Amino acid sequence: EDGSFLKNAEITPKKIIVIDDFEKNQTLYGLPHGEVVTTFLRRNNPFANIETINIGFSYPLDDKFMKPFEKILERIKNGEKIDYISCSKGAICYTDVKMMRGKSPHFKPITEIAENGTRILFAAGNDTTKSLKATNQVLLNADKVEGVGSLSKKTGRISEFSASKNSFF
């Protein structure tokens, strides 16, 4: 019978945590960035179990930025399964020094989360200078983090301003 395998398929919802800015003062199309990301996730993953964590406008070296990762690591160590973490926060570093990767103890909780089987996706960052040397500070300093970038609506390829054009990340 056509399509019968779909009727019998077992759907296992994925647990996704979105760490972002959900405050009204920083908006994109009238919505906080975190709401835009979460809407996109829900639209493309209707069965996902999505949890949001608001870190407002904070930088990667702030305690406010790292605290959710420390708590998530604790949850994972206590047996909770978290499939993905999506975080569009970060800071731009104008560097192409690859030897920094994985060397900062400040970002160790992020690396440990990834080592426990959770995929961590960070925005690669935007670079309007087109130097392609800008990238998210977390990508440089936390090992096993995956960078994602913006796609152009017109071409479907990586946007000109996206730092994800840097092939290292």
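Note that the structure is predicted; figures quoted are calculated from it, not measured.
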*Over all atoms of both residues, closest heavy-atom pair of G117 and K81*: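 Shortest heavy-atom contact: O-NZ, 4.5 Å.
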Take atom NZ in K71; do more than 12 heavy atoms of anything else shown fall under 6.0 Å from it? no
Taking side chain as C-beta onward, heavy atoms only, is [X] less than 4.5 Å from [Y]?
X: L41; Y: V18; value: yes
X: I120; Y: C87; value: no
X: Y84; Y: T118; value: no
X: E23; Y: P32; value: no
X: M66; Y: F107; value: yes
X: I19; Y: I85; value: yes

Atom pair [atom1] ([X]) and [atom2] ([Y]), whose distance is rounded to the nearest 0.5 Å:
X: I17; Y: I113; atom1: CD1; atom2: CD1; answer: 8.0 Å
X: I16; Y: T52; atom1: CD1; atom2: OG1; answer: 12.5 Å
X: L73; Y: K108; atom1: CG; atom2: NZ; answer: 9.0 Å
X: K67; Y: I55; atom1: NZ; atom2: CD1; answer: 13.5 Å

[Y] backbone acceptor or donor facing [X] side chain under 3.5 Å:
X: N45; Y: F47; result: no
X: D83; Y: K15; result: yes
X: N54; Y: F22; result: yes

Do the charged groups of K77 and E74 touch, with an N to O distance under 4.0 Å?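 Looking at E74 together with K77, the answer is no, because their closest N to O distance does not fall below 4.0 Å.
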Are any of the side-chain nitrogens in E51 or R75 under 4.0 Å away from the carboxylate oxygens of its partner?
yes
- Can a donor-acceptor pair be found between the side chains of H33 and D20 at a distance below 3.5 Å?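 Note: H33 and D20 side chains meet the donor-acceptor criterion.
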- Taking the inter-plane angle between the rings of F65 and F122 on a 0 to 90° scale, is it parallel (under 30°), tilted (30 to 60°) or perpendicular (over 60°)?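 Taking F122 first and then F65, their aromatic rings sit tilted (interplane angle of 30° to 60°).
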